[in-house]
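Please read the structure below before turning to the comments.
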Amino acid sequence: MTPAPSTDTDAASAKAPLASPTRHTPAEDLMAVFTAVLLIGLGVLLFQRGGMVTGGTVGLAFLLHYATGWAFGALLFAINLPFYLLAWRTLGRRFALRTFGTVAALSVVTEVQPRLIHIDALHPVYAAIVGGLLAGAGFLMLFRHRSSLGGIGILALALQERRGWRAGHVQLAFDACVVLGALFTVEPMRVVHSLIGALAMNLTIAVNHRPGRYVAT
């Protein structure tokens, strides 16, 4: 089928500048964070049932959970405590408060969720892929509504600003340490599954989180 020829109006529209970004309302932010927490919570549940880890402070909470048996949600919340003050100083009060609320909500969800969902059988590769996709989608929603799960991402941004260290390199180095630590707490095959989950999550973010594709603030 031959495409219809472009009109002068079409050409003018293509050259017209993008409209100014539309701000999210507080209700939209709240709904987005709520949805993101549920998506990431499901991803965490699949990772946990598959005996896997992931990067960042979530991955560190997994390692401590596997090593000590302590509640994952409580560990996640406690690990992030030092980063809230850092977020307040470097990224502003609004971002810090949103991050605090998001981490607190995820900590609660991860503790309540096992009482609401019972999984009898779960293939680890499926858990890795679907868990990574769910977590990636959740992180996208948080990024687009100016929130996060705190932790190393905040530290990486602070070090980039103050020391000139590349934030991506700092994050990568920490995640490598988490994976290395996983070799001492979970079976080697679970580490492989964890890498599959991390790939699924990061590809979801990389493909969808690009400048110019989303202009709301």
With a 4.5 Å cut-off on side-chain heavy-atom distances among I, L, V, M, F, W and Y, is there a chain of contacts connecting L30 to V37?
no

Rounded to the nearest 0.5 Å, how far apart are CG of L106 and CD of Q113?
8.5 Å

Look up atom CG in L85 and atom CZ in F83, then write down how far apart they are to the nearest 0.5 Å.
11.5 Å

Are side-chain heavy atoms of M141 and V33 found at a separation under 4.5 Å?
no

Is there a path of hydrophobic side-chain contacts, each under 4.5 Å between heavy atoms of I, L, V, M, F, W or Y residues, that connects V103 with L39?
no

Rounded at 0.5 Å granularity, tell me how far CD1 in I40 sits from CG in L134.
10.0 Å

Answer whether the closest heavy-atom distance between the side chains of L64 and I79 falls below 4.5 Å.
yes

Quick one: does P114's side chain get under 4.5 Å of R49's, heavy atoms only?
yes

Do F174 and L180 sit in one hydrophobic cluster, given that two such residues count as connected whenever their side-chain heavy atoms are within less than 4.5 Å of each other, even indirectly?
yes

Quick one: sort the F62 and F72 rings into parallel, tilted or perpendicular, breaks at 30° and 60°.
tilted

Could you tell me which non-hydrogen atom of G138 sits nearest to which non-hydrogen atom of A36, and how far apart they are?
O-CB, 3.4 Å

Heavy-atom closest contact (S148 atom, F95 atom, distance):
OG-CZ, 3.4 Å

For the residue pair L45 and T110, establish whether any side-chain heavy-atom pair is separated by less than 4.5 Å.
no

When rounded to the nearest 0.5 angstrom, what distance separates CD1 in I152 from CG in L60?
7.5 Å

For V58 and F47, run side chain to side chain contact (heavy atoms under 4.5 Å, CB included): C-alpha distance rounded to whole Å, both residues' side-chain angles, the deciding distance at 0.1 Å, then the answer.
CA-CA 11 Å; V58 176; F47 284 154; over 6 Å; no

Work out which heavy atom in E28 is nearest to a heavy atom in R23; give both atom names and the distance.
OE1-O, 4.2 Å

Roughly how far, to the nearest 0.5 Å, is CE of M31 from OG1 of T25?
11.5 Å

Which value, rounded to the nearest 0.5 Å, describes the distance between D175 atom CG and N202 atom CG?
7.5 Å

Using side chain to side chain contact (heavy atoms under 4.5 Å, CB included), reason through M201 and L133 one step at a time and then give a plain yes or no.
CA-CA 5 Å; M201 180 178 69; L133 294 176; over 6 Å; no

Please assess L42 against I117 for the test side chain to side chain contact (heavy atoms under 4.5 Å, CB included), listing each intermediate value before the final yes or no.
CA-CA 10 Å; L42 282 173; I117 302 175; 3.6 Å; yes

Testing the basics here: between S107 and G73, what is the closest heavy-atom pair and its distance to 0.1 Å?
OG-O, 3.1 Å

Can you see which heavy atom on V53 is nearest to which on A182, and at what distance?
CG2-CB, 3.8 Å

In the structure I gave you, are the side-chain heavy atoms of I119 and L46 within less than 4.5 Å of one another anywhere?
yes

Do W70 and V44 share a hydrophobic cluster (ILVMFWY, side-chain heavy atoms under 4.5 Å, transitive)?
yes

D120 vs H118 side-chain heavy atoms within contact, under 4.5 Å
yes

F77 vs Y84 aromatic rings, parallel, tilted or perpendicular, using cut-offs 30° and 60°?
tilted

G56 to V178 - nearest heavy-atom pair and separation
O-CG2, 4.2 Å

With a 4.5 Å cut-off on side-chain heavy atoms, are N208 and R144 touching?
yes

In the structure I gave you, are the side-chain heavy atoms of D29 and R98 within less than 4.5 Å of one another anywhere?
yes

Quick check: is L195 connected to V125 through a chain of hydrophobic side chains (ILVMFWY, heavy atoms under 4.5 Å apart)?
no

Please determine which of T57, I154, T99, L142 meets the side chain to side chain contact (heavy atoms under 4.5 Å, CB included) test together with L149.
L142

